[in-house]
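Note sheet for the following structure.
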Amino acid sequence: MPFRFIAVLFLLMLSGVISRAQAPTHLRFYNDSLQQEVLIRSGDAVKFEYTGYLGQHEVLENKILQIGGNAVVLGQTMFGVVIPETQRTILLEDITGFRKFVRSRRALKTVAQLGVAVGSILLFRKAIDRSELSDTGDILLTLGVGIGTTVLVESLFPKKVKKRMSEGWQYEVR
């Protein structure tokens, strides 16, 4: 009796390993006329424009958790566990546009923000004599530098969807 239980357990585990090995590993977007392709795997950060279930236009930016035969699951994880509130499933046929972000994007953007912050501190200390500014002038200068640096960093790391299905992009799950 214990041998049968172990054998059945082993077969169930083996079938799970085999089904995982045959599961889709990536989503391939391709455009034959442009001779371009974009491979998206689990763990990649993406932004999708898609048609919602009521026909409304929706945009979602998150990390790919799972790629299925006809859908992708996006969401966030914390310590390897999916945060349920962030999990969304998008049917591939509903996608109207997409953008894949470089994996190091978050780190590069943080470094740029720190660099701009340090640069603005040095600007305030060395280049501008703040003792001659009124309180209003000081506030306006600080506000202007803050808005300017935000615009600079956001222009270096845009989030707009770059590729649209209407431009000849197609997909396949492999």
Side-chain angles (χ1 to χ4, degrees), residues 2 4-31 34 36-117 146-147 149-174:
R4 281 188 180 164
F5 176 74
I6 292 173
V8 169
L9 186 62
F10 175 75
L11 289 174
L12 286 174
M13 288 176 28
L14 183 62
S15 68
V17 169
I18 291 172
S19 66
R20 281 194 186 125
Q22 294 173 350
T25 59
H26 66 272
L27 174 61
R28 177 180 172 251
F29 286 98
Y30 62 95
N31 188 324
L34 298 175
Q36 292 181 351
E37 75 173 7
V38 177
L39 293 177
I40 297 177
R41 294 182 175 87
S42 293
D44 287 344
V46 296
K47 184 172 189 174
F48 286 130
E49 284 183 355
Y50 63 99
T51 306
Y53 71 94
L54 294 176
Q56 75 278 16
H57 175 78
E58 292 197 31
V59 178
L60 180 63
E61 178 183 336
N62 225 325
K63 198 183 333 180
I64 298 284
L65 298 176
Q66 182 180 2
I67 299 171
N70 64 347
V72 291
V73 180
L74 285 82
Q76 296 175 347
T77 59
M78 183 178 295
F79 305 114
V81 178
V82 176
I83 303 171
E85 305 87 52
T86 65
Q87 189 172 348
R88 292 276 285 286
T89 301
I90 299 174
L91 294 176
L92 294 174
E93 64 191 33
D94 291 342
I95 295 174
T96 58
F98 66 97
R99 179 177 189 142
K100 176 183 174 183
F101 298 111
V102 179
R103 287 187 184 248
S104 59
R105 176 186 173 86
R106 181 176 283 163
L108 291 172
K109 188 172 181 179
T110 301
V111 167
Q113 288 171 329
L114 288 173
V116 169
I147 291 171
T149 56
T150 300
V151 168
L152 175 67
V153 171
E154 290 302 319
S155 67
L156 289 173
F157 299 95
K159 290 184 165 186
K160 286 178 32 178
V161 169
K162 290 172 61 174
K163 306 189 185 334
R164 305 208 180 278
M165 302 306 276
S166 62
E167 298 169 347
W169 286 91
Q170 300 174 2
Y171 67 87
E172 70 179 354
V173 178
R174 289 187 169 184

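As the structure is a prediction and not an experimental result, all values here were calculated from the model.
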Q: Kindly write out the residues that satisfy side-chain hydrogen bond (donor to acceptor under 3.5 Å, both in side chains) with Arg28, not counting sequence neighbours, or none if the list is empty.
A: Glu37, Glu172
**Q.** Pairing residues for Glu58 by the side-chain hydrogen bond (donor to acceptor under 3.5 Å, both in side chains) criterion, not counting sequence neighbours
**A.** Tyr50, Gln56, Arg88
So, taking the atom named [atom1] in [X] and the one named [atom2] in [Y], what distance separates them when rounded to the nearest 0.5 Å?
X: Gln113; Y: Thr149; atom1: CD; atom2: OG1; result: 9.0 Å
X: Leu91; Y: Tyr53; atom1: CG; atom2: OH; result: 13.0 Å
X: Thr77; Y: Gln87; atom1: OG1; atom2: CD; result: 11.0 Å

What are the two closest heavy atoms between [X] and [Y], and how far apart are they?
X: Thr89; Y: Ala71; result: CG2-CB, 3.8 Å
X: Glu167; Y: Asn31; result: O-ND2, 3.1 Å
X: Ile67; Y: Leu27; result: CD1-N, 3.7 Å
X: Gly146; Y: Thr150; result: O-OG1, 2.9 Å

Sequence neighbours excluded - ring-ring contact (aromatic ring centres under 6.0 Å, His included) pairs with any residue from [range]:
range: residues 72-96; value: none
range: residues 149-168; value: none
range: residues 92-114; value: Phe29-Phe98, Phe98-Trp169

Q | Sidechain N-carboxylate O distance under 4.0 Å for Lys163, Glu49 | A | no
Using residues 39-47 as the side-chain source, report each donor-acceptor pair under 3.5 Å to any protein atom, sequence neighbours left out, with the distance given to one decimal.
from	atom 1	to	atom 2	distance (Å)
Asp44	OD1	Arg103	NE	3.1
Asp44	OD1	Arg103	NH2	2.7
Asp44	OD2	Arg41	N	2.8
Lys47	NZ	Lys159	O	3.2

Q) How about Arg164: does its CZ atom have over 12 heavy atoms from other parts shown lying under 6.0 Å from it? A) yes
Q | Test applied, side chain to side chain contact (heavy atoms under 4.5 Å, CB included); reference residue, Phe48; option that passes from Leu74, Val59, Leu92, Thr96 | A | Leu74
Q) Do the non-hydrogen side-chain atoms of Glu93 and Asn70 ever get within less than 4.5 Å of each other? A) no
Q: Give a yes or no on whether the backbone of Gln76 and the side-chain of Thr86 come within a donor-acceptor separation of less than 3.5 Å.
A: yes
